[in-house]
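All values below were derived from every heavy atom in this structure, side-chain atoms included, with hydrogens, water molecules and symmetry-related copies excluded. Each chain gets a letter, A, B and so on, in the order the sequences are listed, and its residues count up from 1.
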Amino acid sequence: MTALIMEAAEAVAAVKDGDTVLVGGFGMAGMPVELIDALIAHGAGDLTIVSNNAGNSDTGLAALLAAGRVRKVVCSFPRQADSWVFDGLYRAGKIELEVVPQGNLAERMRAAGAGIGAFYSPTGVGTPLAEGKESRVIDGREYVLEFPIRGDVALIRAHVADRMGNLVYRKTARNFGPVMATAAAVTIAQVSSIVDVGELDPEVIVTPAIYVNRLVSV
Amino acid sequence: MTALIMEAAEAVAAVKDGDTVLVGGFGMAGMPVELIDALIAHGAGDLTIVSNNAGNSDTGLAALLAAGRVRKVVCSFPRQADSWVFDGLYRAGKIELEVVPQGNLAERMRAAGAGIGAFYSPTGVGTPLAEGKESRVIDGREYVLEFPIRGDVALIRAHVADRMGNLVYRKTARNFGPVMATAAAVTIAQVSSIVDVGELDPEVIVTPAIYVNRLVSV
Amino acid sequence: MSLSREQMAEIVARDIPDGAYVNLGIGQPTMVADYLRPDSGVVLHTENGMLGMGRPATGDEIDPDLTNAGKQPVTELPGASYFHHADSFAMMRGGHLDVCIMGAFQVSATGDLANWSTGAPDAIPAVGGAMDLAIGAKQVFVMMSLFAKDGSPKLVPECTYPLTGRACVSRVYTDVATFAVGADGVRIVETFGISVDELTTRLCMPLVSSPFT
Amino acid sequence: MSLSREQMAEIVARDIPDGAYVNLGIGQPTMVADYLRPDSGVVLHTENGMLGMGRPATGDEIDPDLTNAGKQPVTELPGASYFHHADSFAMMRGGHLDVCIMGAFQVSATGDLANWSTGAPDAIPAVGGAMDLAIGAKQVFVMMSLFAKDGSPKLVPECTYPLTGRACVSRVYTDVATFAVGADGVRIVETFGISVDELTTRLCMPLVSSPFT
């Protein structure tokens, strides 16, 4: 169905306690800050957050973590210079962590969106992150079997949307947005502007509207 | 390396006897007609052709088949109203055929380009096209294990290239081009025009130059 | 009276929810487009890489770079988008399309679909995107005549033709009746010029005749 | 005399073929960009979705939507392209990058790479894109000091730290020597202020001292 245009608070009301929430962004680029703030205000808890990082400084994801709403983080790089909120919770045993190599993280979400049941990845073979996983030699090379990561909700940031939900992004802020949009039951995109249908060139649309359920203009 | 701009004859000289050649196009949309003609003139034989169809009328792929250059066709839909060249060769036992569901065909080439060793697809389960293939139940659903399809050479058609090899396409002529470009050791793109580096908007490039080895302006 | 192909298309169109993303396959199902209300918000997908497909192109509109899955020239609607084949089939396989509509040789009592091969020994196999569509869309609607030319039913206890997909069909629209396929079997939704008794007699399979709920 | 970090970067840059597609990872390897000839045609990839990355952005050029893998603001060169994360890592994993350059804690005699974790029990694990890069690029160049602060070598018979990737490193650029890692073992390519004898003594592993061919 065509995307619905909403306020942030109304949009994130789709998130329920215990949900898996995919959160776009690589550092601050593409981070859906206003949606995360709305999610904090919304109050849903016991969340699993799938995102490249585990929050920076005291805002955004870090604030969500600090508010005690997150049971588990699935990410590639939790530890950063300013990831003290996550670091503290992790060392106190108050949060679970699944570290996934960044490419496997992206590909596992892509698989969820693309209806792939599982795939053999060469990434991580022979490393601690492949321990306990099935492996298989194909054409002389070893691969690890990786399974899809699905979201109940995806929170992403794009640049411009049309009223149907077609999205374009800006520079490296594109990052996880297009992949996460395909991998969640409900995708919520915050955008800088919403234009009329027909104003985006069909050749340049990165995320087709079929993947976008709710639009928030910030 | 940055793409080289060549004449069609010089470009297709990369094809050797026995090669697997990925050929873009869905019907005539995106069909690299001039490259196929050059390949016929080039003379390489014993080829495996991977393409959605197996040639139409007496030109293009059909002419390549008629010239006796093709040992095997891997495609989703060989039989069409005007596929008499293929039909004749097939019925005479002069050509091998591997029929692959269209989505598996695209995804298997995508896997080749993306370094995926194999993937579980739900497409074809329970059908004759899954016979002899491994299957596996994941989360209650049955999947078939599918392996990558790699090309020695890909022949594709795009709309505009810049001199580095970045490509944009036009409407549904995009079809298999971007996927095949990633899946072959040597990708040759025929384009309607070649512009200077910097003239294509970096946001709208569909095939980055890294996937394109040779450019032919027709 | 049994339905014409146009009437079948009209009935199918009526059952497509407003705003749905729909793939009409090739052949007869493409007629459904003619009966969608312009304000329905239904968005058409074509497997060769497009959402927002418009009506067939005519005259100067014809553009060889803009075709549907049947390779016929079509038009583009506002809000359209283009994508490559792997993305297009990821969209299908990933369950993002609300409805796809296909023809069939046979549909089984459990929703198995056979529509790509009659299994004739001399036939050249050709499947296209049918297997991907069959297992990908949230709902698969089949449009077909209920009986073959020789009078044999095409809705059958078990398909004898090679399968396209297993347990994937949810609705079967035919010239004489519409059926819903569910966990409890095949239910008659509506009949057209044929009695339930006659249907039951001619179809060699149990039918649930209560109105579809 | 041993090399400065700048000199190491210059030597690595010299070994990158003209026109190569290269990923410089994060940290020290990014210094290599400063020593690439402007006319080399080398194209830089950054894992967060860009080919054609330019130099670091300063002043008004800084754009929060345009960063490198280290999340620092960068610029865009003519011919650049953007793509999403799955496409970016498909590019890496699919073997399309010619060279990637990474730091390391340890490299083994067979080219195993350890650069993401010291295995300390209280460390928070974080891998980023290192494992994908290690196994993806056609050639992996490592830049590191050859000896740790305690004097122990970082080029070792077998890694004691958790691996990033197996048998993936082809070149090791250090402050005192450059090594090529091949099927026949580790060959010394060049030394800087250290004799082959001393190198052999301090590294507890066999070395092939013949010039790299």
Checklist outcome for this item: Looking only at D:Ala69, D:Ser117, D:Ala130, the option with the highest number of non-hydrogen pairs under 4.5 Å against chain A is D:Ala69
Checklist entry - Do you know which of D:Pro162, D:Pro125, D:Ser88 has the most heavy-atom pairs with chain A at a distance under 4.5 angstrom? => result D:Pro125
Checklist entry - Any side-chain heavy-atom pair from D:Ile124 and A:Phe86 closer than 4.5 angstrom? => result yes
Checklist entry - When rounded to the nearest 0.5 angstrom, what is the spacing between OG1 in A:Thr172 and CZ in D:Phe83? => result 10.5 Å
Checklist entry - Can you check whether D:Met50's main-chain N or O pairs, donor with acceptor, with A:Arg174's side chain at less than 3.5 Å? => result no
Checklist entry - Can you tell me how far the OG atom of A:Ser76 sits from the CG atom of D:Asp132, to the nearest 0.5 Å? => result 8.5 Å
Checklist entry - How about D:Val74 and A:Lys171: do any of their side-chain heavy atoms sit closer than 4.5 Å? => result no
Item to check | Neighbours of chain D found in residues 100-107 of chain A - heavy atoms under 4.5 Å | outcome: A:Val100, A:Pro101, A:Gln102, A:Gly103, A:Asn104, A:Ala106, A:Glu107
Item to check | Heavy-atom contact with chain D under 4.5 Å, split by part of A:Asn53 | outcome: side chain
Checklist entry - Side chain, backbone, both or neither: which part of A:Arg108 has a non-hydrogen atom closer than 4.5 Å to chain D? => result neither
Item to check | Contacting region of A:Val99 [heavy-atom separation from chain D under 4.5 Å] | outcome: side chain
Checklist entry - How many angstroms lie between OG1 in A:Thr123 and CZ in D:Phe89, if you round to the nearest 0.5 Å? => result 8.5 Å
Item to check | Engaged part of A:Tyr169 at the chain D interface, taking heavy atoms whose separation is under 4.5 Å | outcome: neither
Item to check | Note, A:Arg170 side chain near D:Asp63 side chain (heavy atom, < 4.5 Å) | outcome: yes
Checklist entry - In terms of the angle between their ring planes, are D:His85 and A:Phe176 parallel, tilted or perpendicular, with boundaries placed at 30° and 60°? => result parallel
Checklist entry - Is any side-chain heavy atom of D:Ile135 less than 4.5 Å from a side-chain heavy atom of A:Arg141? => result yes
Checklist entry - Considering only heavy atoms from C-beta outward, does the side chain of D:Arg166 approach that of A:Glu142 to under 4.5 Å? => result yes
